[in-house]
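Quick note: numbers below take in every heavy atom, side chains included, and nothing from hydrogens, waters or symmetry partners. Predicted model, so just to flag it, every value in this text is computed and none were measured. Read the numbers this way: they start at 1 and go in the same order the structure lists the ligands and their atoms.
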Amino acid sequence: MIWCNKVGKEVFTLQDTVGGIVAACPSLSRIFEELGIDFCCGGKFSLEQACARKGVDPVAVVERLNVTRSQPPSVDGFGAAHMSLTELSEHIVLTHHGYLKSELPRLEATANKVATVHGGEDPRLFEVHQVVMTLANELHGHMMKEEQILFPMIGLLESGHGGTGHYCGTIRNPIRQMEHEHDHTGGALAALRELTEGHVPPDWACNTYRVLLDTLSRVETDLHMHIHKENNILFPRAIELEDRRLR
Ligand SMILES: [Fe+2]
Ligand SMILES: [Fe+2]
């Protein structure tokens with residue numbers, strides 16, 4: 001089964017151009033970045049030629065590309081109902097905070113590059129870059145507060161060593177603050193969606209521009225799942241546990 005939406009053929013071959021591969025499946029740009037293969041200006045080279053220029057094994061690369069594209073997107077059904085609050089917090093940090101920490105710098109750099117090169121054609125790209133920078137900055141601070149304050153409080157509460165005597169008072173206070181910040185994040189994601197007309201590239205968009213929109217779309221999807229797990233699962237369960245302890 002092929003998971004890249006725009007792929008019109010079964011598998012990539014050594015004769016496919018690097019640019020064509022990224023245009024069909026933008027997430028594969030990560031592999032080219034890792035190998036140092038230029039998929040934007042050097043996009044006209046065939047995969048075989050591009051690998052030869054970099055001195056890497058083309059057969060191994062085409063195999064990797066085809067395996068990666070066939071992997072399903074991480075549909076995170078995950079068994080939250082069977083997780084302790086501590087396990088759930090650890091899962092969120094590992095899965096979603098880890099994802100953002102690796103992806104946000106890449107997103108910022110790509111937004112900067114696209115605004116610099118194409119902002120003259122579409123000034124909204126400067127705004128996209130600005131919103132991305134602000135969002136990234138706020139998310140780094142937000143994750144730090146969860147990892148250093150709220151999640152440890154939840155862990156202490158679950159182990160029976162925390163509760164209303166904590167310096168933050170009831171756990172409802174930091175949760176309320178995190179939910180407020182989530183609302184702010186949701187607003188930024190909506191703004192980015194509007195500025196990019198639903199993450200849809202214009203006809204003239206280069207591959208870097210397409211990668212930016214693809215990354216924005218993936219970050220949005222992951223953040224929606226991330227915030228859902230916190231707002232709708234972790235936080236209510238933590239409040240319920242604290243309430244039980246107070247009875
Ligand atoms: Fe989080
Ligand atoms: Fe959060």
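Side chains of R193 and L216 form no contact here, defined as non-hydrogen atoms less than 4.5 Å apart. Between H91 and K229, some side-chain heavy-atom pair lies under the 4.5 Å cut-off.
Residue H96 does not count as close to the Fe ion (ligand 1), with no N, O or S atom under 2.8 Å.
Protein N/O/S atoms closer than 2.8 Å to the Fe ion (ligand 2), listed by chain and residue number, are H142 NE2, E146 OE2, H182 NE2, E230 OE1.
Between the side chains of H97 and H226, at least one donor-acceptor pair of N or O atoms lies under 3.5 Å. With 3.5 Å as the limit, one finds no donor-acceptor pair spanning the side chains of T185 and E138. Between the side chains of Q15 and S46, no donor N or O sits under 3.5 Å from an acceptor N or O.
Checked against a 6.0 Å centroid threshold, the rings of H142 and H184 do not count as neighbours.
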